[in-house]
Amino acid sequence: MTRIFSGIQPSGELHIGNYLGAVANWVELQHRYESFFCIVDYHALTGPYEPDDLRRRVREMAVSLLAAGIDPAACTLFVQSRVPEHTELAWIFNTVTPLGELERQTQYKDKASRQESVMAGLLNYPVLQAADILLYHADLVPVGEDQVQHLELSREISRRWNSKFNVEYFEEPTPLLTKTRRIMGLDGQAKMSKSLGNTIGLLESSESIWQKLRPAVTDPARVRRDDPGTPEVCNIYRLHEAFSTPETVEHVATQCRTAGWGCIECKKVLHESMNRTLEPIRERAADLQANPARVDEALDAGAERAGEVARATMAETKQHMGLL
Ligand code: SF4
């Protein structure tokens, strides 16, 4: 069966941007492919963090993923640091990765330019990412366009390692470019992001979501109630596309263009559509929060399964490299 690997940073509770951009896709993919989904806590160490906060964020991410529909019976969900082979393989890959390739990575240049003192972990981040993927011999990696450069480096690392040891052991993973929805924040200015404070949490209450939707930015052309609008420029319309039925989306477009309703009516319909999707997720999350042992069980089983595959890969890798 074709295997996929994908990782997500332990940013705590998911927001609807992460959900629509990646996790809703994973929920579908887990039934089509042998799937490994990893909460990448080692990657999170390359930024500033507090240990207690990191622990909390990993758990909240696990709860969010399970509540969103990631099913431990259908896939392998695990925390990266529970499988030490990730860093072991990353060290090996460091020995076949040219420094120049790492320095050319756009994300590195971008982040390094904003830091006073740049740690080696930030530079080597894509090497660990290559290890994450190749440890599981993943055939496909679901990625957004901003991750394609890192994946190309993983392909390069697999070629270099194979060539150095004269064996076709690591297959080059292929990007599974999925139709990702770029969800703008409620300010309509930038991508939805926790650091910008413009998000809606996946597990937020219905009331709290409405408090955020009500003042959210819409088409600036709709100043008065009878001004017609252009749905395609409005973030609320984009959210309708993600949460409402196709019939409702069509109705929204017509009502907007003809000024058939005001933005508040439009937002009320969106709020109902969001509740239909999010209420079952909130209920599952509440259930998991009340039964933390179920989260532990899922993560233990995931670490066990991932560890089996990772240990086998490391044993074979070491054998090819002349390590005892
Ligand atoms: S009617 Fe809806 S789609 Fe149109 S501008 Fe207002 S909120 Fe946006």
Side-chain angles (χ1 to χ4, degrees), residues 8-9 11-25 27 56-57 60-61 63-65 67-69 144 179-289:
I8 192 163
Q9 285 266 0
S11 55
E13 181 192 317
L14 284 170
H15 59 69
I16 59 168
N18 320 124
Y19 172 69
L20 298 170
V23 176
N25 188 33
V27 172
R56 176 189 60 75
R57 286 191 278 125
E60 284 182 3
M61 178 54 74
V63 168
S64 287
L65 291 172
K179 200 180 122 227
T180 50
R181 293 175 192 276
R182 188 178 149 88
I183 299 295
M184 300 296 281
L186 296 173
D187 50 9
Q189 300 297 310
K191 195 173 158 184
M192 193 171 272
S193 155
K194 260 187 194 163
S195 57
L196 298 174
N198 61 5
T199 61
I200 293 179
L202 187 69
L203 309 180
E204 251 182 85
S205 70
S206 170
E207 177 54 29
S208 166
I209 291 176
W210 176 243
Q211 292 309 328
K212 289 184 173 179
L213 282 182
R214 212 167 38 161
V217 171
T218 63
D219 176 2
R222 295 211 68 187
V223 179
R224 288 182 304 271
R225 167 71 176 74
D226 52 1
D227 288 331
T230 306
E232 290 77 13
V233 303
C234 177
N235 198 30
I236 297 296
Y237 180 69
R238 297 278 165 236
L239 290 170
H240 269 294
E241 287 184 314
F243 287 103
S244 297
T245 62
E247 297 74 38
T248 304
V249 172
E250 214 181 304
H251 185 59
V252 169
T254 306
Q255 293 294 83
C256 180
R257 286 201 184 94
T258 59
W261 63 17
C263 290
I264 283 290
E265 285 159 284
C266 183
K267 289 173 175 178
K268 279 184 185 157
V269 175
L270 172 63
H271 185 228
E272 282 165 21
S273 298
M274 288 178 74
N275 271 339
R276 264 193 297 280
T277 303
L278 299 179
E279 186 53 33
I281 295 177
R282 289 194 287 260
E283 282 172 10
R284 282 197 293 271
D287 196 36
L288 289 162
Q289 280 152 351

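Model, not experiment: these values are computed from the prediction.
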Side chain to side chain, [X] and [Y], heavy atoms closer than 4.5 Å:
{"X": "Pro228", "Y": "Thr258", "value": "no"}
{"X": "Thr245", "Y": "His240", "value": "no"}
{"X": "Val23", "Y": "Leu202", "value": "no"}
{"X": "Val217", "Y": "Leu186", "value": "no"}

Would you compute the distance between atom [atom1] of [X] and atom [atom2] of [Y] and round it to the nearest 0.5 angstrom?
{"X": "Asn18", "Y": "Thr199", "atom1": "CG", "atom2": "OG1", "value": "8.5 Å"}
{"X": "Cys263", "Y": "Tyr237", "atom1": "SG", "atom2": "OH", "value": "14.0 Å"}
{"X": "Leu20", "Y": "Leu239", "atom1": "CG", "atom2": "CG", "value": "7.5 Å"}

Donor-acceptor pair, side chain of [X] and main chain of [Y], under 3.5 angstrom:
{"X": "Lys267", "Y": "Leu213", "value": "yes"}
{"X": "Arg214", "Y": "Ile209", "value": "no"}
{"X": "Asn275", "Y": "Ser206", "value": "no"}
{"X": "Asp219", "Y": "Thr230", "value": "yes"}
{"X": "Glu13", "Y": "Leu203", "value": "yes"}
{"X": "Asn235", "Y": "Met184", "value": "yes"}
{"X": "Thr218", "Y": "Cys234", "value": "no"}
{"X": "Arg57", "Y": "Glu60", "value": "no"}

Fill in: Sole candidate of Lys268, Met274, Glu272 that passes side-chain contact (heavy atoms from CB on, under 4.5 Å) when paired with Leu270
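Single side-chain contact (heavy atoms from CB on, under 4.5 Å) partner of Leu270 among Lys268, Met274, Glu272: Met274.
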Discussion item. Show, in sequence, the C-alpha distance, side-chain angles and deciding distance for Tyr19 and Met192, and conclude whether the side-chain contact (heavy atoms from CB on, under 4.5 Å) test is met.
Written reply: CA-CA 11 Å; Tyr19 172 69; Met192 193 171 272; over 6 Å; no
Worksheet item: So, Arg224 and Asp227, do they make that salt bridge, N to O below 4.0 Å?
Response: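 A salt bridge links Arg224 with Asp227.
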Discussion item. So that I can tick it off, tell me whether Glu241 and Arg238 are bridged by a salt bridge, with the cut-off set at under 4.0 angstrom between side-chain N and carboxylate O.
Written reply: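 A salt bridge links Arg238 with Glu241.
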Looking at every heavy atom in both [X] and [Y], which two are closest together, and how far apart are they?
{"X": "Ser11", "Y": "Met61", "answer": "OG-CE, 3.5 Å"}
{"X": "Phe243", "Y": "Ser273", "answer": "O-CB, 3.6 Å"}
{"X": "Leu288", "Y": "Ala67", "answer": "CD1-N, 3.9 Å"}
{"X": "Leu196", "Y": "Ala190", "answer": "CD1-CB, 3.7 Å"}

Practice prompt. Using the six-membered ring wherever Trp is involved, compare the ring planes of Trp210 and His271 and label them parallel, tilted or perpendicular (cut-offs 30° and 60°).
Written response: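 Correct class here is tilted.
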Item to complete: For Glu204, enumerate each residue passing the side chain to side chain donor-acceptor pair (under 3.5 Å) test, keeping only those at least two apart in sequence or located in another chain.
Response: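 Expected list: Ser208, Lys212.
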Practice prompt. List the steps, then state whether side-chain contact (heavy atoms from CB on, under 4.5 Å) holds for Ser244 with Val252.
Written response: CA-CA 10 Å; Ser244 297; Val252 169; 5.7 Å; no
Fill in: Sequence neighbours excluded - salt bridge (Lys or Arg N to Asp or Glu O under 4.0 Å) pairs with any residue from residues 248-262
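Listed by first then second residue: Glu232-Arg257.
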